[in-house]
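Report on the following structure.
These numbers were taken from a predicted model, which means no experiment stands behind them. Letters A, B, ... mirror the listed sequences (proteins, then strands); counts begin at 1.
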There are 2 protein chains.
Amino acid sequence: MTPVTERNSNKQTLADFKVGVDNAIFSIDTQQNRLLILLVMRHEEPYLGYWCLPGTLVRNGETLEIAADRILAEKIKVDNLYLEQLYTFGGPGRDPREAADRYDVRYLSVSYFALVRYEAAELIATGVGGIAWYPIDKLPDLAFDHRQIIEYGHQRLRNKLEYSPIAFDVLPELFTLSDIYQLYTTVLGENFSDYSNFRNRLIKLKFLEDTGIKSSRGSGRPASLYRFDPVAFAPLKDKPLLFV
Amino acid sequence: MTPVTERNSNKQTLADFKVGVDNAIFSIDTQQNRLLILLVMRHEEPYLGYWCLPGTLVRNGETLEIAADRILAEKIKVDNLYLEQLYTFGGPGRDPREAADRYDVRYLSVSYFALVRYEAAELIATGVGGIAWYPIDKLPDLAFDHRQIIEYGHQRLRNKLEYSPIAFDVLPELFTLSDIYQLYTTVLGENFSDYSNFRNRLIKLKFLEDTGIKSSRGSGRPASLYRFDPVAFAPLKDKPLLFV
DNA sequence: ACAAAAGTGTTCTGTCTACACCCATGC
DNA sequence: GCATGGGTGTAGACAGAACACTTTTGT
């Protein structure tokens, strides 16, 4: 019998929780074909000096999503972003403070998944610094169970790309078809699909508007710039369409 | 400024949480073509006398998933089941106790999605009673935001059926092809697919073993009994296969 | 014999794949 | 001209939809 159980009769064996929100913020550097995730350096115990996901404890009167937005806005300035709840990690012992702190406090993490535009994202340097994009395949040692959260988020990203149009939340207003292709190959791997087939599939879906404007990048034929048309996309919502 | 903010300086504006686990337990009555969800009657305030999802507050030392398992095992006896985390609802004000209780307590609900076999499920009658299967389209008024949780779970069920084999977790070991078809139509609606096409698609996937045993139900030609073969299914795991 | 349920087959159509090929530009 | 990247076309394999048809049982 723990002291707690002795002190209380029945209902009091309930755990008390602090609830944190941790953001897995992804972005895609298509120039260098790298999938990046935003990490910050911890300046306090536990895990002092380790990298971790940007997170916060939830304040009074704050919804989980607003907490997620807040922490994101503190670290980064973006124009466009995609944000959704990822998963809730809540096993006992996932935070060392549980042992050290006074009895019976648990730390639970509701994680959020975000995708932002790399080129438009401006990191906000906090005094001490310690914020950086890390390639997903070159992560340092991470605090808590954050590596697991990133794994989970990475999987979610791959799935989302396949059946939802989040890529367009993260592209500039005007983009070329190979911009999209680049983005997809960066996340899904080199040979997820033939370029020309990917292209045809997208065009047949009819929600990309060809502006007719041409964009030249170095040598080679200039590409048409396209624009995502949310109205034309609307009817396809919730349909099991596949971009792959 | 609220009293709270005045009393404390900075970090103390953090919310304290009780964490509950609520289970959206679905089952499918193929006899009557009904999709059912398990509800229990509340015997205490708040929402005394309302129906709600079976839930519990998380105890010390308990993972979220174990809490979900525990509450499930308290209400129902099953041989087979599918269980996964659904979503975390945590806005302030979702539980009236937040207002009445002492300052700063928030109630957060991590919901779990479960699918069990209707025929094999045996409800455990707690003394006072008040546990029942409700057809998803005939829900009574529900406590808290549980209707929203059910909506969300219902959507998850539809999606899962389309791209993962959870149906086989919930069928008896031996089943006929029209058993599966029944199950699918009950969840996805009458005209989600032609029977014969559905049939051919399944058989082409090669993970159903025809036992050769025939089963006669009333008049009509007896059907072959099939068995799900997890080994044959393994290579298809994580592939974007569609049953629809 | 007839109804009912299971299971098979067929035709039409469309989509996916894997290429080969043509086009516009910089150097 | 030719390398480079953008864009088009096509033949064959394959998969889905709709529906007619056959088989095996109970009554």
Provide, to the nearest angstrom, the distance between the [atom1] atom belonging to [X] and the [atom2] atom belonging to [N].
| X | N | atom1 | atom2 | result |
| --- | --- | --- | --- | --- |
| A/L205 | C/dT15 | CG | P | 10 Å |
| B/L202 | C/dA6 | CG | P | 15 Å |
| B/R217 | C/dA6 | CZ | P | 7 Å |
| B/F198 | D/dA17 | CZ | P | 12 Å |
| B/Q182 | C/dA5 | CD | P | 10 Å |
| B/L208 | C/dG7 | CG | P | 12 Å |
| A/D179 | D/dG5 | CG | C1' | 13 Å |

Not counting sequence neighbours, which residues clear side chain to side chain donor-acceptor pair (under 3.5 Å) with [X]? List them please.
| X | result |
| --- | --- |
| A/R34 | none |
| B/S111 | none |
| B/D169 | none |

Exercise. Just to confirm, is there a sub-4.0 Å distance from OP1 or OP2 of C/dC27 to any side-chain nitrogen or oxygen of A/S219?
Worked result: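 No, A/S219 has no side-chain N/O under 4.0 Å of OP1/OP2 on C/dC27.
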Contacts of [X] that satisfy ring pair (Phe, Tyr, Trp, His ring centres under 6.0 Å) - sequence neighbours left out:
| X | answer |
| --- | --- |
| A/F168 | A/F175, A/F207, A/F228 |
| B/Y152 | B/Y87 |
| B/F26 | B/F113 |

Exercise. Is a side-chain donor or acceptor of A/H146 paired with a backbone partner of A/L53 at a separation under 3.5 angstrom?
Worked result: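 Judged by distance alone, yes, a pair lies under 3.5 Å.
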Show me the protein contacts with nucleotides 8-10 of chain C, counting only N or O atoms at under 3.5 Å.
residue: C/dT8; atom: OP2; partner: B/R199; partner atom: NH1; Å: 2.9
residue: C/dG9; atom: O6; partner: B/S196; partner atom: OG; Å: 2.9

Problem set entry | First of B/P222 and A/S216 reached from the 5' end of DNA chain C, by closest nucleotide |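 This one resolves to B/P222.
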What's touching nucleotides 12-15 of chain D from the protein side, N or O pairs under 3.5 Å?
none

For this session: Mind jotting down which residue pairs meet the side-chain hydrogen bond (donor to acceptor under 3.5 Å, both in side chains) criterion with at least one end in residues 135-144 of chain A? Sequence neighbours excluded, please.
Result: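 Pairs touching residues 135-144 of chain A that pass the test: none.
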Exercise. Are more than 12 heavy atoms from other residues, nucleotides or ligands located less than 6.0 Å from atom NZ of A/K77?
Worked result: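 Not buried by this count: 12 neighbours or fewer within 6.0 Å.
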